[in-house]
Amino acid sequence: MWDKKKPDTPQAAVPEPKNLLANKESTDAMRPLDAITNRETGWLGSSLHVKGDIIGSEDLMIDGSVEGLIQLEERKLTVGTTAKVTADITARDVVVYGYVKGNVRARGRIEIKKNGCVIGNLTTAQIMIEDGADFKGSIEIDRGSEREAVSSRAASAAAGAGPKSI
């Protein structure tokens, strides 16, 4: 029972299935958990270049380049590591892994990650800038918008739950 020999012939390794997205692992690693599970997340790939305004009502992940205006009033914007955004941004939450040049206004939170770079003025209720991030501009803490964002999220969650009968 304990002295079983392993076969002398090498066993073939099970091949890994190839992913159609070459760098999916790197983008999944930097995406917050709620962006992965939420199916209402748009994605601009690294080969896309958008010149103009982006206005939407779903979360957005940008890996390409954008020039213009981005408005995602009640949603989250994630600027990926390969992204280059030259735009004024208005969103509920903004997470920057790449490059942003422009003013950023978030009702909830702005995060600038380790290799992220933001050149512009920030207006938000909460700010997080990691070691190694680049930032040039001013920061204005607006607590009034945080209370509005929290109350609107709570109201939408309560409306989604609906009455329950026993």
Side-chain angles (χ1 to χ4, degrees), residues 21 23-161:
L21 297 174
N23 64 351
K24 178 160 177 28
E25 290 177 10
S26 65
T27 57
D28 278 351
M30 71 180 172
R31 287 185 190 177
L33 183 59
D34 61 341
I36 294 171
T37 58
N38 185 352
R39 297 293 178 220
E40 292 184 19
T41 301
W43 180 52
L44 289 174
S46 59
S47 67
L48 295 176
H49 177 78
V50 176
K51 232 179 198 183
D53 298 347
I54 298 174
I55 300 170
S57 60
E58 64 184 71
D59 291 352
L60 180 60
M61 171 75 176
I62 298 175
D63 282 326
S65 65
V66 175
E67 294 179 42
L69 175 73
I70 300 173
Q71 286 185 319
L72 306 172
E73 291 294 333
E74 293 300 318
R75 304 306 286 196
K76 181 177 194 169
L77 173 67
T78 304
V79 178
T81 56
T82 60
K84 183 177 180 185
V85 176
T86 304
D88 286 340
I89 298 169
T90 303
R92 183 192 71 217
D93 299 309
V94 178
V95 181
V96 179
Y97 292 91
Y99 174 85
V100 173
K101 183 176 183 179
N103 297 325
V104 181
R105 181 173 189 84
R107 296 179 83 192
R109 179 180 179 99
I110 296 174
E111 296 180 30
I112 306 173
K113 298 297 186 174
K114 182 179 179 180
N115 293 314
C117 176
V118 176
I119 299 172
N121 300 324
L122 309 179
T123 303
T124 185
Q126 297 178 1
I127 183 76
M128 186 194 73
I129 302 174
E130 288 186 356
D131 286 344
D134 291 327
F135 170 67
K136 183 176 183 180
S138 67
I139 300 172
E140 179 182 339
I141 302 298
D142 184 5
R143 297 275 183 206
S145 63
E146 178 187 30
R147 285 185 218 108
E148 291 172 18
V150 169
S151 65
S152 68
R153 276 186 249 165
S156 64

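Heavy atoms only: backbone and side chains are in, while hydrogens, waters and symmetry mates are out.
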With Ile70, the side-chain contact (heavy atoms from CB on, under 4.5 Å) member among Asp53, Ile55, Ile62: Ile62
For the residue pair [X] and [Y], what are the closest heavy atoms and their distance?
X	Y	value
Gln126	Thr124	O-OG1, 3.0 Å
Arg107	Ala125	O-CB, 3.7 Å
Val79	Tyr99	CG1-O, 4.1 Å
Ile127	Ile141	CG2-CD1, 4.1 Å
Glu58	Gly42	OE2-N, 3.0 Å

Ile110/Val118 under side chain to side chain contact (heavy atoms under 4.5 Å, CB included): CA gap, chis, key distance, verdict: CA-CA 11 Å; Ile110 296 174; Val118 176; 6.0 Å; no
Lys84 vs Lys101, side chain to side chain contact (heavy atoms under 4.5 Å, CB included): CA-CA, chis, key distance, verdict: CA-CA 8 Å; Lys84 183 177 180 185; Lys101 183 176 183 179; over 6 Å; no
Does the side chain of [X] reach to within under 4.5 Å of the side chain of [Y], using non-hydrogen atoms?
X	Y	result
Asp63	Met61	yes
Asp59	Leu72	no
Ile54	Leu44	yes
Val96	Val104	no

Does the [X] side chain pair with the main chain of [Y], one donor and one acceptor, at a distance under 3.5 Å?
X	Y	answer
Arg92	Glu74	yes
Asp93	Arg109	yes
Thr123	Glu140	no
Asn103	Asp88	no

Lys/Arg-Asp/Glu bridge criterion (N-O < 4.0 Å) met for Glu130, Lys113: yes
OG1 on Thr41 to CZ on Arg75, rounded to 0.5 Å: 7.0 Å
Trp43 side, atom CH2; Thr78 side, atom OG1 - distance, nearest 0.5 Å: 13.0 Å
Test side chain to side chain contact (heavy atoms under 4.5 Å, CB included) applied to Ile112 and Leu122, step by step: CA-CA 11 Å; Ile112 306 173; Leu122 309 179; 4.2 Å; yes
